[in-house]
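As the structure is a computational prediction, the values presented were derived from the model and not from experiment. Just so it is clear, the values below take in all heavy atoms, side chains as well, and ignore hydrogens, waters and symmetry mates. Sequence lines set the chain letters: A, B, ... in the order given, protein chains first and strands last, and positions in each chain run from 1.
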There are 2 protein chains.
Amino acid sequence: MYARKTFLGLSEEKRLKVVDAAVSEFSEKGYNRASINSIVAALGIAKGSIFQYFKNKESLFLFVFEYALGMVKNNLAGVRESSLEEPFFERLKSSLLAGVGFVEEHPRLYSIYLRIMFEGGIPFREELVEKVRRLSAKYLGSLLIQGIARREIRSDLNIETQTFILDALFDRFLMAYSMRHLDAGPSLFREPGSVNKRVDEVVEALRSGLAP
Amino acid sequence: MYARKTFLGLSEEKRLKVVDAAVSEFSEKGYNRASINSIVAALGIAKGSIFQYFKNKESLFLFVFEYALGMVKNNLAGVRESSLEEPFFERLKSSLLAGVGFVEEHPRLYSIYLRIMFEGGIPFREELVEKVRRLSAKYLGSLLIQGIARREIRSDLNIETQTFILDALFDRFLMAYSMRHLDAGPSLFREPGSVNKRVDEVVEALRSGLAP
DNA sequence: ATGCAAAATGACCACCTGGTCATTTTGCCG
DNA sequence: CGGCAAAATGACCAGGTGGTCATTTTGCAT
């Protein structure tokens with residue numbers, strides 16, 4: 001779709017190297033500050049080559065985005081299936097932990113997502129944000145539908161509001177986790193190994209509320 | 001601090017025009033894509049002039065940031081005082097509504113904040129993020145302390161976790177509100193006038209939890 | 001070994017950026 | 001009015017960008 005046939009004809013090793021270099025550059029600098037010059041320099045290939053692989057910077061970026069989105073989809077499909085039998089709030093915990101695992105394993109992909117959300121001047125930015133949003137809504141929706149069917153959730157709360165709350169807390173939890181190393185003040189994750197505890201606390205607050 | 005004396009000697013009208021143009025540019029394009037050329041073109045002044053007002057792009061940006069931070073401080077001080085007598089969860093509602101009011105009144109300032117959070121290559125970015133974080137923590141902390149003293153909040157929940165949850169929901173609520181016009185899918189704010197309802201729903205979920 | 005298409009190359013281009021500075025214009029004071 | 005400091009100006013610069021393309025190198029089929 002976004003790659004030229006020259007790129008698709010490359011050995012898998014080289015293809016992975018190119019994608020890896022592009023992922024690094026875009027995750028470190030976002031779209032606009034990312035430099036094709038830097039990418040080719042890091043790869044040790046000529047500048048012209050990258051334009052034999054991708055029409056332009058935009059195509060390269062969209063290719064990287066689709067790659068990242070595929071990774072996220074696989075991850076979500078995995079958790080959804082493996083937690084299928086758990087009660088609602090246990091599934092929430094499993095999902096949060098899976099998210100943490102993904103961010104831990106692929107910090108650069110998560111960083112690209114954050115950049116897309118807030119950087120200006122990204123081609124098709126709205127479409128990209130919408131794709132991610134749909135993925136998240138689909139996943140949380142499947143959890144909520146099951147939870148409602150099993151009567152594990154109050155029925156007097158608007159489902160859109162519930163989705164919003166879950167989405168907000170999920171996203172912020174992952175942000176806090178992925179930025180824990182540079183968070184100067186009090187952070188959720190100062191001491192190592194505190195992830196499970198925090199997940200439990202957040203989900204417990206979500207379950208029973210803040211009021212006594 | 002960041003402005004040169006030439007700028008401070010300008011008439012208030014001109015100073016405000018310059019700040020306004022800079023706010024527009026930075027909020028639309030973030031730090032790196034923002035162009036001094038665009039700003040001076042919008043103002044109809046010579047390029048050299050802006051460098052008589054500010055040492056460089058970085059100083060101009062930091063000046064704008066401090067300006068925006070001052071506006072937020074005033075806003076927070078206002079809500080804190082005017083809601084002092086309310087019970088905890090009512091204060092939360094007042095605070096959320098005040099945030100919505102600020103975003104409504106100063107959408108460009110909120111946009112600059114979002115850009116700072118996630119854009120790379122911003123000078124002193126970490127310090128700026130930390131300043132905003134401290135402001136938010138100070139405010140939420142004062143609400144929570146009062147709520148705890150009045151026994152309106154469960155005592156078995158970690159206060160850091162509570163702060164995290166409040167902060168996450170606040171921020172996301174404002175994001176959803178400020179982006180409501182471009183949110184293609186189901187949004188919290190499709191129909192006009194739904195803000196109060198959403199505030200009530202979110203705070204109710206926060207108070208009593210999602211479980212039946 | 002030869003031929004030939006596909007892939008790799010890097011010098012080059014037009015464009016834009018933040019920033020400089022010698023020069024001109026302004027506006028106030030006596 | 002003259003004088004003079006402060007402010008405004010815009011041509012200019014070095015450096016970086018995404019992108020091009022004529023040329024060379026590679027690697028495989030015959």
What residues 21-32 of chain A contributes to the DNA chain D interface at heavy-atom separation below 4.0 Å is none
Could you run down nucleotides 6-11 of chain D 5' to 3' and tag each one B, S or - for protein heavy-atom contact under 4.0 Å?
-SBBB-
For A/Met175, the side chain to side chain contact (heavy atoms under 4.5 Å, CB included) test, sequence neighbours excluded, returns A/Tyr110, A/Leu114, A/Asp171, A/Arg172, B/Phe118
With B/Gln146 via side chain to side chain contact (heavy atoms under 4.5 Å, CB included) - residues at least two apart
B/Arg91, B/Arg150
Qualifying residues under side-chain hydrogen bond (donor to acceptor under 3.5 Å, both in side chains), relative to [X], sequence neighbours excluded:
{"X": "A/Ser24", "answer": "A/Arg108"}
{"X": "B/Glu127", "answer": "none"}
{"X": "B/Lys55", "answer": "none"}
{"X": "B/Thr163", "answer": "none"}

Side chains of residues 2-16 of chain A: which donor-acceptor pairs under 3.5 Å do they make with residues two or more places apart or in other chains?
from	atom 1	to	atom 2	distance (Å)
A/Arg4	NH1	A/Phe51	O	2.7
A/Ser11	OG	A/Lys14	N	3.2
A/Arg15	NE	A/Leu10	O	3.4

Separation of atom CZ in A/Arg4 from atom P in D/dG19, rounded to whole Å:
11 Å
Of residues 34-42 of chain A, the positions that come close to DNA chain C - non-hydrogen atoms, cut-off under 4.0 Å
none
Taking only heavy atoms on the protein side, list every residue of residues 117-124 of chain B lying under 4.0 Å from any atom of DNA chain C, sorted numerically.
none
I need the single residue from A/Ile39, A/Val18, A/Val64 that forms a side-chain contact (heavy atoms from CB on, under 4.5 Å) with A/Val23. Which is it?
A/Val64
For the side chain of A/Glu58 and the backbone of A/Pro123, is there at least one donor-acceptor N/O pair under 3.5 Å apart?
no
Side-chain donor or acceptor of A/Arg207 paired with backbone N/O of B/Leu210 under 3.5 Å:
no
What donor-acceptor contacts under 3.5 angstrom involve side-chain atoms of residues 71-79 of chain B, with partners at least two apart or in another chain?
none

Is any side-chain N of the basic residue among B/Glu66 and B/Lys131 closer than 4.0 Å to the acidic one's carboxylate O?
yes
